Amino acid sequence: MALKIIDKIKEQIETDNNFLVSGGAGSGKTYSVMEVIDLIYKMNPLATIACITFTNVAADEIKHRAKHNNLEVSTIHDFLWNSIKNYQNDLKKSLVALIKMEREEEKSGIKYSGEEDISIKYLQDKEINYKDYRKIDNGILSHDDILKISNNIFNTYPLLCDILKDKYKYILIDEYQDTEKQVIDIFLEHLPKSSDKKNIIGFFGDSMQSIYGNRVGSLKEYVDKKLVVEIIKDDNYRCSETVIELLNKIRTDSIKQKRKRRNDEVDKDLLGSIKFIYSNADVIDFESIKKHAIFNQWNFNDVAETKELYLTHNLIADKAGFGEIFRIYNNDEIIKQAKKIKTKLKKDARLHEIEGKTFEDVLNMNVVSEANNFKNFIADNNDLFKNTKPVLFEDLLKIYIDTDQLIGDNRDKLINHLKKIQERIYLYETKQVNEFIRKADYKILSVDDKEKLKSAIDSLVNMKNEAIENIVNFADEMSIVKKDDNFTNFVKEYIYVYNRVKGLPFYEIINLYKFEEDLTPYSTQHGIKGAEFDNVFVILDNGRWNQYNFKYLFEETEGKESVIERTKKMFYVCCSRAKKNLVVFYSKPSDAILKKAKEWFSEENLIEVTS
């Protein structure tokens with residue numbers, strides 16, 4: 001009889017092997033984490049276990065479900081910081097080394113552009129701390145810094161590796177695919193080199209659900225180097241049988257899932273349905289399409305059980321109330337025009353002429369396109385245009401502005417700062433007062449301090465119609481969210497972007513926050529990861545993405561393999577959210593796209609609709 005998953009894991013634990021539990025969507029990987037924790041404590045009641053999760057929500061869930069005295073549950077950032085924070089001398093040496101490395105080899109270390117000379121002598125009387133903002137000249141590190149400095153410190157000081165291994169016999173990492181490679185290297189490359197001391201690292205996750213940029217995604221290279229043993233978990237407790245059949249066709253690895261009933265599903269119909277619908281109309285009216293007979297049993301007003309899932313944000317932004325800031329990040333005419341000017345000057349061998357010139361100087365060189373949209377932009381944004389004229393043209397060319405920096409994992413430092421302000425407002429409004437106080441940059445030493453903080457946040461709550469710049473200044477003055485290095489460096493380097501954003505009403509940020517926190521009926525593939533719904537309607541719109549392309553995916557376009565792989569993972573995540581019924585929509589598909597759709601969905605599930 002085949003061994004159960006937990007028995008396979010036990011075999012690896014008994015032989016001191018690191019292990020990886022790979023399971024597709026709905027396979028119950030977090031449940032397996034709980035099983036492994038219980039198994040370890042049955043084998044050794046005195047064992048010390050660290051369980052690392054991707055989010056605070058996941059950490060809280062495991063803490064609630066697994067009540068063991070020797071179990072520590074935390075996010076990766078908190079775990080790493082707690083492991084290194086007491087070694088201040090080593091921290092300071094690593095910080096100085098990484099700042100120097102960044103100056104000598106760009107993007108390899110920790111960036112610092114302040115005026116202080118960050119040296120061991122400068123840091124001598126300072127304590128290195130970790131906050132959700134950055135102020136390096138005060139010794140304060142932020143999220144990204146913690147990952148870099150942890151990797152450096154464990155690679156440089158083997159004794160700290162031994163101390164960590166002595167403290168935790170077992171380290172379990174949930175959703176490993178969302179972890180950065182430099183973190184994985186700490187556990188699988190640096191720790192084993194320190195001494196003969198051994199601990200066991202367990203990973204749980206799914207490489208097909210790696211949809212964030214700059215993450216490890218897969219542990220294949222570590223499996224190939226025999227640093228970790230892979231165990232396949234092929235059950236699916238979430239999706240209907242027809243959805244699972246589709247998911248198995250989409251996957252590119254050896255995992256082929258089968259439907260596993262939960263205890264409460266004995267009499268439940270698990271078949272479900274999948275449909276690929278398409279339209280050849282020039283204008284698509286989704287409200288009309290949603291009245292088609294295939295949606296008769298769906299309730300689109302029930303956002304807990306039915307989700308309308310768009311894969312680009314431009315179809316959502318105005319509906320969700322953050323259209324103005326989205327348009328700034330989506331299609332900036334001045335930056336676009338600057339790139340066109342550079343291209344034309346380069347073609348004419350005149351690129352050297354822009355050196356030291358302002359934007360106004362370059363405009364006077366008569367190489368500007370006469371496109372109507374640029375003229376209209378200038379007319380509609382005259383003050384901005386005037387303020388941009390003195391900016392060095394070369395500085396404008398350095399600016400990269402895109403919706404990826406507004407929404408999702410790669411948000412720029414300005415949007416991160418604004419989101420922190422709204423997060424504190426949301427915590428206060430939802431009566432999560434302790435969490436609000438913990439995150440605010442406000443020192444409470446007396447009852448009077450509490451009253452001042454309450455007055456300040458009450459004022460901030462009522463300022464939603466005011467300009468973003470006013471909100472930023474007020475939050476800083478009242479120590480609710482202080483302006484840190486990340487913010488001030490952004491304003492210094494990207495003053496043009498800040499000038500565009502600062503005059504918008506703050507409610508655009510409020511609405512953006514609600515959208516990203518899944519507090520609206522609208523979702524994208526990034527916002528929906530980890531969720532599940534009875535009915536999922538997926539609209540395959542390419543938008544203007546460079547990273548993803550559904551046409552390439554369905555047509556299997558040669559030479560676009562990396563884009564296809566990213567798109568396939570995203571498509572997999574979208575489809576795997578459906579517990580019962582899945583409908584996928586494509587506009588104006590080619591014959592090649594319909595051929596692939598027939599292969600994945602079967603011919604009887606392809607339906608042409610009118611809108």
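Side-chain atoms are counted along with the backbone in the values below, which use heavy atoms only and exclude waters and symmetry mates. Predicted model only: the values in this text are computed from it and were never measured.
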Using 30° and 60° as the class limits, which term best fits the ring planes of [X] and [Y]: parallel, tilted or perpendicular?
| X | Y | answer |
| --- | --- | --- |
| Phe490 | Tyr494 | tilted |
| Tyr513 | Tyr426 | tilted |
| Phe79 | Tyr168 | tilted |

Please identify each residue that fulfils side chain to side chain donor-acceptor pair (under 3.5 Å) with [X], with sequence neighbours left out.
| X | value |
| --- | --- |
| Tyr428 | Asp458 |
| Asn489 | Ser113 |
| Glu493 | Lys111 |

Test Val228 against every option in Ile201, Leu20, Ile184 by the side chain to side chain contact (heavy atoms under 4.5 Å, CB included) rule and name the one that passes.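 Between Val228 and the candidates, side chain to side chain contact (heavy atoms under 4.5 Å, CB included) is satisfied uniquely by Leu20.
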Pair [X] + [Y], salt bridge at N-O below 4.0 Å:
| X | Y | value |
| --- | --- | --- |
| Asp234 | Lys258 | yes |
| Arg438 | Glu435 | yes |
| Lys198 | Asp16 | no |
| Asp206 | Lys29 | no |

Atom [atom1] of [X] with >12 non-hydrogen neighbours under 6.0 angstrom:
| X | atom1 | value |
| --- | --- | --- |
| Glu245 | CD | no |
| Tyr41 | OH | yes |
| Lys568 | NZ | yes |
| Asn69 | CG | no |
| Lys135 | NZ | yes |
| Lys560 | NZ | no |
| Lys220 | NZ | no |

Is the ring centre of Phe19 less than 6.0 Å from the ring centre of Phe203?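 No - the distance between ring centres of Phe19 and Phe203 does not fall below the 6.0 Å cut-off.
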is_close_aromatic(Phe515, Phe326), centroid dist under 6.0 Å: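 Here the rings of Phe326 and Phe515 have centres that are no less than 6.0 Å from each other.
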Short question: side chain of Arg215, backbone of Lys181 - any donor-acceptor pair under 3.5 Å?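 Judged by distance alone, no pair lies under 3.5 Å.
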Look only at the side chain of Ser22 and the backbone of Ile232, and say whether a donor-acceptor pair between them is shorter than 3.5 Å.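 Checked: no pair found.
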Using the test salt bridge (charged side-chain N to carboxylate O under 4.0 Å, His left out), find all partners of Asp166 that sit at least two apart in sequence or belong to another chain.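 For Asp166, the residues satisfying salt bridge (charged side-chain N to carboxylate O under 4.0 Å, His left out) (neighbours in sequence not counted) are Lys197.
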Salt bridge (charged side-chain N to carboxylate O under 4.0 Å, His left out) with Lys482: which residues, sequence neighbours excluded?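 By the salt bridge (charged side-chain N to carboxylate O under 4.0 Å, His left out) rule, Lys482 matches Asp476.
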Excluding sequence neighbours, so at least two apart, what forms ring pair (Phe, Tyr, Trp, His ring centres under 6.0 Å) with His143?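 With neighbours one apart ignored, the set is His77, Tyr130.
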Taking the six-membered ring of Tyr572, is the NZ or CZ of Arg251 close enough (under 6.0 Å from the centre) and on axis enough (within 45°)?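 Checked: cation-pi criterion met.
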To the nearest 0.5 Å, how far apart are CD in Glu189 and CD1 in Ile186?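 One finds 11.5 Å between CD of Glu189 and CD1 of Ile186.
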Have a look at Phe571 and tell me which of Tyr548, Phe554, Tyr586 forms a ring-ring contact (aromatic ring centres under 6.0 Å, His included) with it.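 Among Tyr548, Phe554, Tyr586, the one meeting ring-ring contact (aromatic ring centres under 6.0 Å, His included) with Phe571 is Phe554.
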